[in-house]
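First the structure, in the form of structure tokens, and then the observations on it.
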Amino acid sequence: MDLKKLFPVSYKQSLLVSIIVYVVVAIVASLLIGFAGALTGWIPVVGALVGWVLRIAGILVDIYVVGGIVVSVLLTLKVIK
């Protein structure tokens with residue numbers, strides 16, 4: 001698995017800039033997921049299904065953001081190259 005393709009921001013930016021980018025990505029994604037949930041949450045069956053999918057999408061975004069921050073820190077500490 002090539003980390004440069006999976007986390008390009010970690011390799012191209014400094015630690016502070018990459019952490020800020022990942023935090024902004026997390027905030028924007030959570031706002032979009034919340035907005036989508038608010039739009040479809042009032043529909044009985046579809047709202048439950050969309051809510052389940054949005055919850056999984058939120059978890060995946062969180063995993064990506066934490067992974068990107070970890071890779072940035074490891075690159076700064078020169079644990080990985």
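Since this is a predicted model, take the numbers as computed values, not measurements.
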Find the distance between CG (Leu74) and CD1 (Ile69) and round it off to the nearest 0.5 Å. 12.0 Å
If you group Ile, Leu, Val, Met, Phe, Trp and Tyr by side-chain heavy-atom gaps below 4.5 Å, do Leu31 and Val61 land in one group? yes
Validation row: Val71, Ile80 side chains within 4.5 angstrom (heavy atoms): yes
Quick one: does Phe35's side chain get under 4.5 Å of Leu39's, heavy atoms only? yes
Are Leu3 and Val17 joined in one hydrophobic group, where the rule is that I, L, V, M, F, W and Y side chains link up if heavy atoms are under 4.5 Å apart? yes
Output for pair (Ile27 CD1, Leu32 CG), nearest 0.5 Å, gives 12.0 Å
Under a 4.5 Å cut-off applied to non-hydrogen side-chain atoms, are Leu54 and Val50 in contact? yes
Is there a side chain to side chain contact (heavy atoms under 4.5 Å, CB included) between Leu49 and Val53 once you walk through the steps? CA-CA 6 Å; Leu49 293 174; Val53 170; 5.7 Å; no
Give a yes or no answer on whether the side chain of Ser18 reaches the backbone of Val9 with a donor-acceptor pair at less than 3.5 Å. no
Do Val65 and Val23 belong together in a cluster built from hydrophobic side chains that touch within less than 4.5 Å? yes
Distance-only, no hydrogens or angles: does the Tyr64 side chain make a donor-acceptor pair with backbone N or O of Ile59 under 3.5 Å? no
Could you pull out the closest heavy-atom pair between Ser10 and Tyr22, with the gap in Å? OG-OH, 3.0 Å
Do Val66 and Val73 belong to the same hydrophobic cluster, where Ile, Leu, Val, Met, Phe, Trp and Tyr are linked whenever their side-chain heavy atoms lie under 4.5 Å apart, directly or via other members? yes
Got a second to check how far Leu75's CG is from Lys4's NZ, nearest 0.5 Å? 9.0 Å
Separation between CD1 of Ile19 and OG1 of Thr76, rounded to the nearest 0.5 Å: 7.5 Å
Do the side-chain N and O atoms of Tyr11 and Ser72 include a donor-acceptor pair separated by under 3.5 angstrom? no
Let me check something: do Ile33 and Ile63 share a hydrophobic cluster, defined by ILVMFWY side-chain heavy atoms less than 4.5 Å apart, either directly or through other members? no
